[in-house]
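Notes follow the structure.
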Amino acid sequence: ALDTLIVRAQAEPSLSSALAAQLADAEQLPPTAVPLLVRLVGAQETTDAARAQGIIALAKSPSKDAWEAILEQQLNTYGRLLRDAGLARG
């Protein structure tokens with residue numbers, strides 16, 4: 001069932017958030033889901049909840065791409081928090 005959802009989400013990006021929610025609770029992350037989740041967590045239109053679930057799911061992967069996406073999102077979050085607090089330069 002999860003493999004079917006991954007294939008459907010690749011063709012229909014609106015299903016990516018639902019997939020992220022399921023994968024965040026899964027024991028393991030299928031390697032075929034990594035590119036989809038990397039796109040999800042990097043997209044500006046992704047909700048904070050879906051991004052968080054995508055990051056949780058990606059953390060289950062040994063993939064370099066998964067960990068680069070996680071780190072990029074964490075740096076973006078820290079930067080936004082610093083800007084919001086008036087502590088960022090530039």
Side-chain angles (χ1 to χ4, degrees):
L2 198 52
D3 291 331
T4 301
L5 184 55
I6 292 169
V7 170
R8 288 186 60 207
Q10 288 170 339
E12 192 175 333
S14 63
L15 297 175
S16 297
S17 295
L19 177 64
Q22 286 195 13
L23 292 172
D25 290 334
E27 292 274 333
Q28 294 182 339
L29 181 65
T32 55
V34 171
L36 187 82
L37 291 172
V38 167
R39 280 193 301 276
L40 176 73
V41 301
Q44 286 186 334
E45 63 273 6
T46 300
T47 65
D48 289 341
R51 182 172 286 111
Q53 290 171 323
I55 289 171
I56 290 168
L58 285 171
K60 298 173 187 179
S61 172
S63 162
K64 177 182 177 250
D65 292 338
W67 283 96
E68 285 177 352
I70 291 169
L71 292 174
E72 182 178 340
Q73 288 310 307
Q74 292 305 311
L75 289 172
N76 289 341
T77 298
Y78 295 142
R80 181 176 41 87
L81 292 171
L82 288 172
R83 283 190 302 280
D84 291 349
L87 301 172
R89 294 183 186 164

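Note that these values count all heavy atoms, side chains included, but never hydrogens, waters or copies made by symmetry.
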Checklist entry - Looking at residues at least two apart in the chain, or sitting in another chain, which of them share a side-chain hydrogen bond (donor to acceptor under 3.5 Å, both in side chains) with Glu12? => result Ser14
Item to check | Trace of the side-chain contact (heavy atoms from CB on, under 4.5 Å) decision for Val41 with Thr46 | outcome: CA-CA 7 Å; Val41 301; Thr46 300; over 6 Å; no
Checklist entry - What residues, two or more places apart in sequence or in another chain, satisfy side chain to side chain contact (heavy atoms under 4.5 Å, CB included) together with Ala18? => result none
Item to check | Value rounded to 0.5 Å, distance of CD1 in Ile6 from CG in Leu15 | outcome: 12.0 Å
Item to check | All side chain to side chain contact (heavy atoms under 4.5 Å, CB included) counterparts of Ala59, not counting sequence neighbours | outcome: Trp67, Ile70
Next on the checklist: Nearest 0.5 Å, please: how far is CD1 in Ile56 from CG in Leu37?
Outcome noted: 11.5 Å
Checklist entry - In Å and rounded to the nearest 0.5 Å, what is the CG to CD distance from Leu40 to Glu45? => result 9.0 Å
Throw together a table of side-chain donor-acceptor distances under 3.5 angstrom for residues 77-87, partners on residues two or more places apart or in other chains.
from  : atom 1 : to    : atom 2 : distance (Å)
Thr77 : OG1    : Gln73 : O      : 2.9
Arg83 : NH1    : Gly79 : O      : 3.3

Checklist entry - Can you pull the side-chain hydrogen bond (donor to acceptor under 3.5 Å, both in side chains) pairs that have at least one residue in residues 16-44, sequence neighbours excluded? => result none
Item to check | Ala50 versus Ala20, closest heavy-atom pair with distance | outcome: O-CB, 4.1 Å
Next on the checklist: Can you pull out every salt bridge (Lys or Arg N to Asp or Glu O under 4.0 Å) where at least one residue sits in residues 51-66? Sequence neighbours excluded, please.
Outcome noted: Asp48-Arg51, Lys64-Glu68
